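Working notes for the structure below.
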Amino acid sequence: MDPDVISEMPGKCPKCGMDLVAMDAGNHQGHEDHGGAEQDFRKRFFITLPFVFLVMILSPNIQKWLHLSINFPSIGLLLFVIGTFIFFFGGIPFFKAARGELSNKNPGMMTLVAFAITVGYIFSVAATFLFPGESLYWEISTLISVFLLGHWLEMRAVRGATGALAELANLIPPSAHLIKNGNITDVKTDQLIKGDLVLVKPGEKIPIDGVVINGESSINESMVTGESRPIGKIKGDKVIGGTINQDGSLTIEVSKTGADTAISQIMKLIREAQASKPNVQHLADRAANVLFFVAIIAGVASFITWVFILPNGVVFAMTVAVAAIVVACPHALGLAIPTVTTITSTLGARNGILIKDMKGLEIARKINYVVFDKTGTLTKGEFGVTDVILNLFQDLKKTDKMPKQVRHDKEWIKNDVIRFAASVEAHSQHLIAQGIINEAKKQGLEIPEVSDFKSFPGKGAGGKVDGKKVTVGNKALMQELGFKGYDLSVENTGTTVYVEIDGEVKGVIVLQDQIREESKQAIQRLHEMGIKTAMLTGDTKDIAEKVGKELKIDTVFAQVLPGDKVNKIKQLQNERNIVAMVGDGINDAPSLTQAHVGIAIGAGTDVAVESAEIVLMKNDPLDVVKAISLSHKTNSKMVQNLIWATGYNVFAIPTAAGILYPSFGILLRPEWAALLMSASSIIVVFNALLLRRAKLD
Ligand code: ADP
Ligand code: MG
């Protein structure tokens, strides 16, 4: 597993020389499925195993222990032949990988392994032919065997950790029922193009992203959003490829294919996350570099010690040196962090939390201030029009009595205000705009086309409708542009949108948004965790404070212009807070970037997703709490792994170097060193795997 080895092209892995394998339904070639290497290690392990036993039986030392005596004239030569076979055939993967490391100028684990077995082998060959003496064939052979086994098992475990990407790719059913000219044919999913009509039968998976054209059903989207409740779908609703249709039958029109589909996007984000390195990775890398030299020094120093200072024979010294090098291999250290980040990103994805940058998740546990955007984040952002207040008095030149006729026509005038406003809002992206358009549709109003559309970010919008100049927006905008009637007194029961036509405010549309049920819990949970909360909105003070009070938010920033939102984040940061920003809109993007951790909610707008470190698939503020919990869990796993991977060396290296030998006769033979080294790597991987079952709350 090496998530940082990802290429668009098939080829060989620059790190270990293994073939890269396809990773998803698209063209990505990568290293996550290290299946080839895993099989290779297995094959080499089993093929060399009988020869390893043979070498052992033929070795004088083992015979002594077993009270055996097998001897014949050319036994040394036979040992040489078998040992050579094991050395080359079993050692090849390590030599290749060592070459990769060296050509990357990054000598590490594989270089050490290759070095250790090569030293042992050369010594043995010399002992066979140059100076008659004891050889190290059986030590080298068992060492290689244990290494092969260790790598095979470790890759199996790592495959378990990375399998989630493949799991996601497998969500997409291979074929779909294409409707063409009234006929239904089954075609391969990857042959579908935009605009195709596809039939989805009850219980089937949705093959691809699309829009419902016909039919009604509910869909289980939990694999993509983490939401376990089935979601009702009717004509016009979007469906996501890979989700499961429940009881109804649906006709969908394909809207996205290939790399644009939601699943492909999620896979891309997960890959990015796995490739992004948390800061602690640098620490691990540095430690691994140090260990590399510690290993070499330990090897050389113990050899010198056991030859010259405490003479015990060259064979003994060589064995000890090899053991010391082997046991110090910083392999576990290399795995300690990547295995955790891999599992974290897939665990997150399963819970509807996409981590774009591991550094963001890494800091998340230190957050002590969470700033929420109000509209669409803490509230549903589904504005309903509750009232339209007309500026009749102004129309009637401030007569104090309203004539009957005007009263009679009030509905008509109200609808006119909505109609003009809706035509301008048709070009706006704001959630308020959607509310006004919905109202116009509900009243069955025809929405005229707008020309010269202009947006006033965080204030409103304007344009030309039916030859009249129209501006919609908040009071501040009306005042700023100098329109008559902005001072119209309006009871502040909701979000107010002033509608100006030809220089005068003709009416005010009152809209009501609803607070999400989860918002209250989310704020409460954050407070329990000792985290302060703030709300950031362009809406009026009255509305903002009302919402803030209901949710018990610590700080409310109201009437903040889009360009100013980022300053509020800076302000909190200057007060030495670690700040997370949660938002969805285009105007939240700069604040998401500025915050220590930017969290885009509801898979928001593309810009918001781009600017964030963490993306929440659902519109659920409680997932912010989950993300922080994931950060804590991830961090403790990383720390555990780092402590284990470095800590075991404190005992292992001196023991392997023979420090306990003079007084206690305890020695770590090379094969035991290899076993210990492999075991420590496997422990690290399994410790990371435990994270898979973690509950986030
Ligand atoms: P928020 O911070 O709540 O997302 P914005 O900063 O986008 O809000 O907008 C602030 C205020 O500006 C809104 O509450 C609304 O009064 C006004 N506004 C912005 N865009 C529009 C629009 N398209 N139509 C009407 N009013 C708008
Ligand atoms: Mg918003």
Side-chain angles (χ1 to χ4, degrees), residues 371-385 388 417-418 420-440 447 450 453-463 465 470-481 483 486 490 492-500 505 507-516 519 534-548 551 553 556-569 581-592 600-602 604-605 607-608 619:
V371 183
F372 289 94
D373 166 56
K374 177 181 76 88
T375 319
T377 301
L378 289 173
T379 68
K380 290 187 177 160
E382 294 160 4
F383 285 94
V385 173
V388 181
V417 168
I418 296 273
F420 276 103
S423 31
V424 173
E425 296 287 30
H427 284 246
S428 166
Q429 291 208 334
H430 207 279
L431 291 164
I432 290 177
Q434 199 53 52
I436 294 177
I437 294 164
N438 287 346
E439 178 67 16
I447 305 174
V450 64
F453 175 81
K454 189 173 184 314
S455 162
F456 304 96
K459 293 174 188 166
V465 185
V470 180
T471 312
V472 294
N474 55 18
K475 194 173 186 171
L477 179 68
M478 300 294 136
Q479 198 167 359
E480 196 182 305
L481 297 176
F483 297 135
Y486 72 84
V490 177
N492 226 329
T493 54
T495 299
T496 47
V497 174
Y498 288 65
V499 183
E500 170 263 357
V505 174
V508 179
I509 303 173
V510 184
L511 300 105
Q512 216 85 38
D513 192 3
Q514 280 173 336
I515 294 177
R516 284 183 203 284
S519 300
M535 181 172 80
L536 194 50
T537 178
D539 215 340
T540 57
K541 269 208 164 66
D542 291 346
I543 301 294
E545 259 152 29
K546 204 175 105 191
V547 175
L551 293 176
I553 287 182
V556 174
F557 300 111
Q559 268 167 317
V560 186
L561 288 177
D564 223 26
K565 286 186 172 179
V566 67
N567 291 330
K568 301 294 173 195
I569 304 285
M581 166 77 198
V582 189
D584 65 334
I586 298 174
N587 59 22
D588 297 323
S591 333
L592 289 171
I601 196 166
T605 51
V607 197
N619 263 321

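Every number for a ligand or one of its atoms is a count from 1 in the order of the listing. The structure presented is a predicted model; accordingly, all values stated were derived computationally and were not measured.
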Please indicate whether any nitrogen or oxygen in [X] is less than 3.5 Å from any nitrogen or oxygen in ligand 1.
X: Gly458; answer: yes
X: Val497; answer: no
X: Thr495; answer: no

Can you name the nearest heavy-atom pair linking [X] to [Y], along with the distance?
X: Val450; Y: Gly463; answer: CG2-CA, 3.8 Å
X: Leu511; Y: Val385; answer: CD2-CG2, 3.8 Å
X: Leu431; Y: Gly376; answer: CD1-CA, 3.8 Å

Quiz item: Salt-bridged, Lys565 to Asp588, with N to O below 4.0 Å?
Solution: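 Yes, Lys565 and Asp588 are salt-bridged.
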Quiz item: With sequence neighbours excluded, what pairs up with Gln479 under the side chain to side chain donor-acceptor pair (under 3.5 Å) test?
Solution: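 Applying side chain to side chain donor-acceptor pair (under 3.5 Å) to Gln479 gives none.
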Distance under 4.0 Å to a non-hydrogen atom of [X]: what atoms of ligand 1 satisfy this?
X: Ser428; value: 23 (N)
X: Thr537; value: 1 (P), 2 (O), 3 (O)
X: Thr375; value: 1 (P), 3 (O), 4 (O)
X: Ile432; value: 13 (C), 14 (O), 15 (C), 25 (C)

Quiz item: For atom 22 (C) of ligand 1, which candidate among Lys565, Glu425, Gln559, Met535 holds the nearest heavy atom?
Solution: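 Selected option, by shortest heavy-atom distance: Glu425.
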Quiz item: Can you tell which part of Asp539 has a heavy atom less than 4.0 Å from ligand 1: side chain, backbone, both or neither?
Solution: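 Answer for Asp539: both.
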Exercise. Would you kindly specify which portion of Asp373 sits under 4.0 Å from ligand 1, judged on non-hydrogen atoms: side chain, backbone, both or neither?
Key: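 It is the side chain that touches ligand 1; the backbone stays farther off.
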Quiz item: side-chain contact (heavy atoms from CB on, under 4.5 Å) between Asp539 and Gln559: does it pass, once the steps are laid out?
Solution: CA-CA 5 Å; Asp539 215 340; Gln559 268 167 317; over 6 Å; no
Quiz prompt | Short side-chain to backbone donor-acceptor contact, Glu500 and Thr471, under 3.5 Å | solution =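 Answer holds: yes.
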